[in-house]
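Atoms considered below: every heavy atom in the structure, side chains included; atoms not considered: hydrogens, waters and symmetry mates. For clarity, every value in this text was computed on a predicted model and none was experimentally measured.
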Amino acid sequence: MSSDRPAGEAASATAGDPAPRDEDATAPDPSPDTPEDPASANPAPAVAPRDQAERPGEPEADEAAAAPDAEADQRPAPPADAAREAGATDEADPVGEAGPAGEADPARETDPAGEADARPRDARDAGSEAAPAAESPAGERATVPGAAGAGGATGGGKRSAAAEALAAAVRAVERGEADAASFFTTRGRSGAARPDAARSASPGRAAPTPGGPQAAAPHGTGPTGPVDTGPATRFGGADSGGAPLSGPAPTATAGAPGAGPGAGPSGAGSPAGGGGGARMPAAGPGVGPAELDQIRQVLTAGGAPPHLAEQVVRALGEGAAAVLRDDPWQLLAVPGVRPEQADGFARALLGPDCGPGDERRSRALVTWLLERAALEGHTARESATLRDALAQHAVPDPDEALRDAVAEGVVLVFQDALETPGAAPAAGDEEAEQPVRVLLGLDRYALAEESLADGLARVINTFEPDAPADAATGTEPETETEPETETETETETDEAMETDAEPEARAAGPAPDWEALAGAAPSPSAAELVRAVAGHGLVTHSGGESARAEAVAVVAAAHARGLRAYAAAHTDDGRRRLGAALADSGLPAALAVTVAGLLTGAEGPGRDADGAFRLDLLAVLDAPQLDVEAAAALVESLPDGVRLVLSGDPGVLWSAGAGRVFADLVAARACPQVVSRTPDPGPIGELVSGIGIGELTQVEAPGKEVVIVPVRDAGDAVHRTVQLVADSVPRAIGVPVPDIQVITVGHGGAVGTRALNAALKERLNPGPGRFGGFDPGDRVAYAVAPGRTVTGTVTAAEPDGLRLDCGGEDVLVPRARVADALRPGWAVTAHQAAGRRWPATVVVLPGDAGPLLTRAWVYTAFSRGERHLSVVHGAGPALPHAVAEVPAAERTTRLRALLRAQNATA
């Protein structure tokens, strides 16, 4: 065996000058790894639209817009690689083997988001008078009436007077020369004056939950580009450059019939259980065969595949045939449909009346662009960004198109104050002008962010520190009640049904005070967190893997106080590890739940008569994985007076869904912040800690905890990866094959998840794939819900589906979901691996990985191994460059501004 080479040795000189980190350095990666479609595993002459549409929470998906060479990305591994993969054990052990670094095949793909765009879009009434709103400087939204006489552009290049005024007003607001109120008139579409109607979101628990009926849903994704003005773009065929929209219907997701708690671990798949991503309603009982036939007829008349009918129903609901006839561009609501295909469909149905300036086309494009931005984590976009994007799609008057979209209620308008770095706000100077930016967003994300901001304010404002009397008894204030009523009887019944863990937490007798509990905490950082939780309703807690013990200490302290306390993780693996830590502290493992399980009621204490969780303290670990919709649903379900701890590692990749909740809350400084000083142990902990501050340093690894395996090209990378998993790591490190996870940068290309999974299956579990492409013993990645993927092993095939072992839990994947929800899982992406850990990991960095690497990606991938990390390294200097110089890109969100506005008025 060649001599070992600790991580960072070859790149230590490059990484010596780390990039400075500001408060936004933890912003999420704009292009998370996303799910793939099974059809994309085979070579195709053109990129199918399904390959651009990520399924909710699936293990893989293609995004053509982010992969210019998407066709090349679908190539299988070279035949020579397959020949080498089969007999890797006869070569030198690659654990610690040194060799020249090389370049890999440059053809690969990127994934723009960890959440799919396979979500519905509620059909809107084109004549609706609902008034969208513009946010005032204090965070409120003022009524925005429609433009008098607003109409669609006809395709001519002349800009109307209204559009000219709009453009001038927008630019004046963006330059800070005018208030956003001047951006709109106060006249309605009929010319009648409308009173301003500011709306303040209520902190009550009736606010919308993710995927609720009021939420607009996204369109499919696809590449941008000018509209084709030639013959109608066809769905497939060499003449159009399109590929057929093929494959099964989108995965049923939270909120859809048949996607209830039994759909997967933790009840994921039931309403609000996804923790990210949209919820696609299945065809309702009112949609029968006759209406499906009508939809097929419309699709056929427009040149679209008739088998899209069910997807159209999921996207548009009842009456979809009439909707498509009146507005063919509504086809963009179907996952994977691209603008040029929707244009061709519209031309086939409308004939010469169809033009690039049609107002229906502009509205659909605005929504499609915003939904596409949500896949990259944005909850809103600046008006200038949307104008440029519309111009790229050949919209003749983008300004007028935006104004029309606002007037029709397609989008909402907000203004957010721009922050000047290093400038302190003038105290008491309410007249001082502050520059603002004009943002446009969809109502689903606007409502979620406002509901979340109001909910966090409610948590802060309704909290009251423990009274001395309560501290002495360990009892609940709720026991001092008026004479019993029917509601109180129901509440007592609910309390009697609490988990077995509750009586132990409520043992009678004096309870220790918070200071005594802090003094008994296992570490100084844990003591600091206990003290912060004692006096505040909302606390943020940052730290690495070792810091999870500090959140466990808070739960233990709360139970010692007689409080009902729970800890929630993002993944089932995180819940199992959290349960083990609680058990080590003498607490029931049942106090560990997943966020999805807590929301669905499959785990945790359940809800009281008012719909609030029956708990007094909730510690949410993996908080950076919370998207804005899941966070809003979670906070909305908390009772008044609760203690909420949001804990997580700020260095990891961010949520698959839209928003950056944890980073915005930390940046807003709306609550106490505790930063752990407990380092992660061992060589892997030392390496990852350095990456977190922008340094890729050499670490001593006497037990081969960290090993670098240089590779020359893509074939060598696949060959070495298979050898590491099948032979070297089990033999040299003692970690069995089932406990080794491969992590790579993307799904396509010669060293993506597809190529690696094919090679690993051939070596580890060869078989014909008799059951939906899988065999018993196959490692799989199962998309239980939007944004959530679990790994497991196929144990059996049954008439009703495939049975999996997911970390000791028996899970049945329904037969109808196998094609959509299951992918081979020996190799996954870093985004799929976030929130999980394995005894050993093999991180693959081919030569073309450089443009895809960020500090957060490297931090996440390198920190997934508990005992061992092998790095198959062909990226050369791109690795230290990414660690030192490439922080995660910004996401455009409004939560930070909303929280700061609340702080200013508190």
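For H559 (side chain) and V555 (main-chain N/O), no donor-acceptor pair under 3.5 Å exists by modelled atom type. The backbone N or O of R564 sits less than 3.5 Å from a side-chain atom of D616, completing a donor-acceptor pair. Remark: the backbone N or O of L653 is paired with a side-chain donor or acceptor of T860 at under 3.5 angstrom. Put simply, the side chain of D649 gets close to the backbone of G651: a donor and an acceptor are under 3.5 Å apart. The closest donor-acceptor contact from the side chain of E449 to the backbone of R894 lies under 3.5 Å. For S863 (side chain) and Y859 (main-chain N/O), a donor-acceptor pair under 3.5 Å exists by modelled atom type. Looking at D680, its side chain never comes within 3.5 Å of a backbone N or O of V688 through a donor-acceptor pair. The main-chain N or O of G641 is found under 3.5 Å from a side-chain atom of T462 such that the two form a donor-acceptor pair. For the pair R548 (side chain) and A581 (backbone), a donor-acceptor distance under 3.5 Å is absent.
A salt bridge is absent between D608 and R614; no separation between the charged side-chain nitrogens and carboxylate oxygens falls under 4.0 Å. Salt-bridge annotation for E629 and R444: present, with a side-chain N of the basic residue lying under 4.0 Å from a carboxylate O of the acidic one. Here R576 does not pair with D572 in a salt bridge; the nearest charged N to carboxylate O distance is not below 4.0 Å.
Here the closest heavy-atom approach between residue F662 and residue A623 is recorded as CD1-CB, 3.6 Å. Heavy atoms only, all atoms of each residue included: G648 and P624 are closest at CA-CD, 3.6 Å. A569 approaches G574 most closely through the heavy-atom pair CB-C, 3.6 Å. Across A551 and L621, no two heavy atoms sit closer than the pair CB-CD1, 3.9 Å. The nearest pair of heavy atoms linking A833 to V828 is CB-CG2, 4.3 Å. A pairwise comparison of heavy atoms in Y566 and A590 identifies CE2-O, 4.1 Å as the closest pair.
Remark: L447 CG to L412 CG distance equals 7.5 Å, nearest 0.5 Å. Taking CG of L578 as the start and CG of L591 as the end, the distance is 9.0 Å to the nearest 0.5 Å. Between R575 atom CZ and D622 atom CG the span is 12.5 Å, to the nearest 0.5 Å. A distance of 6.5 Å separates CG in L615 from CG in L598, rounded to the nearest 0.5 Å. Rounding to the nearest 0.5 Å gives a distance of 8.5 Å between CG of L644 and SG of C671. How far CZ of R855 is from CD1 of I691: 10.0 Å, rounded to the nearest 0.5 Å.
For the 3.5 Å distance criterion, the side chains of E603 and T594 qualify, holding a donor opposite an acceptor. With hydrogens and angles left out, the side-chain atoms of E382 and T892 include no donor and acceptor closer than 3.5 Å. There is no side-chain donor-acceptor pair under 3.5 Å between S655 and R660. Between the side chains of Q673 and T540, not a single donor N or O lies within less than 3.5 Å of an accepting N or O.
Side-chain atoms of V554 and L617, non-hydrogen and from C-beta on, do get closer than 4.5 Å to each other. Counting heavy atoms from C-beta on, the side chains of T367 and L442 come closer than 4.5 Å. The closest side-chain heavy-atom distance from L452 to V661 is below 4.5 Å. With contacts defined as side-chain heavy-atom distances shorter than 4.5 Å, the pair V790/T571 does not qualify. Residues V595 and L626 form a side-chain contact, since some pair of their non-hydrogen atoms from C-beta on lies under 4.5 Å apart. Between V438 and D416, the closest side-chain pair of non-hydrogen atoms is not below 4.5 Å.
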Passes side chain to side chain contact (heavy atoms under 4.5 Å, CB included), H378 versus Y445? Steps please. CA-CA 9 Å; H378 307 285; Y445 301 114; over 6 Å; no
Any chance you could lay out the side chain to side chain contact (heavy atoms under 4.5 Å, CB included) test for E545 and R577, step after step, and finish with the verdict? CA-CA 11 Å; E545 186 66 22; R577 290 184 285 119; 2.7 Å; yes
Q902 vs L899, side chain to side chain contact (heavy atoms under 4.5 Å, CB included): CA-CA, chis, key distance, verdict: CA-CA 5 Å; Q902 289 178 342; L899 293 172; 3.9 Å; yes
Show, in sequence, the C-alpha distance, side-chain angles and deciding distance for E376 and R891, and conclude whether the salt bridge (Lys or Arg N to Asp or Glu O under 4.0 Å) test is met. CA-CA 8 Å; E376 299 175 353; R891 290 185 178 185; over 6 Å; no
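With F463 as the aromatic partner, R643 does not meet the cation-pi criteria of under 6.0 angstrom to the ring centre and within 45 degrees of the ring axis.
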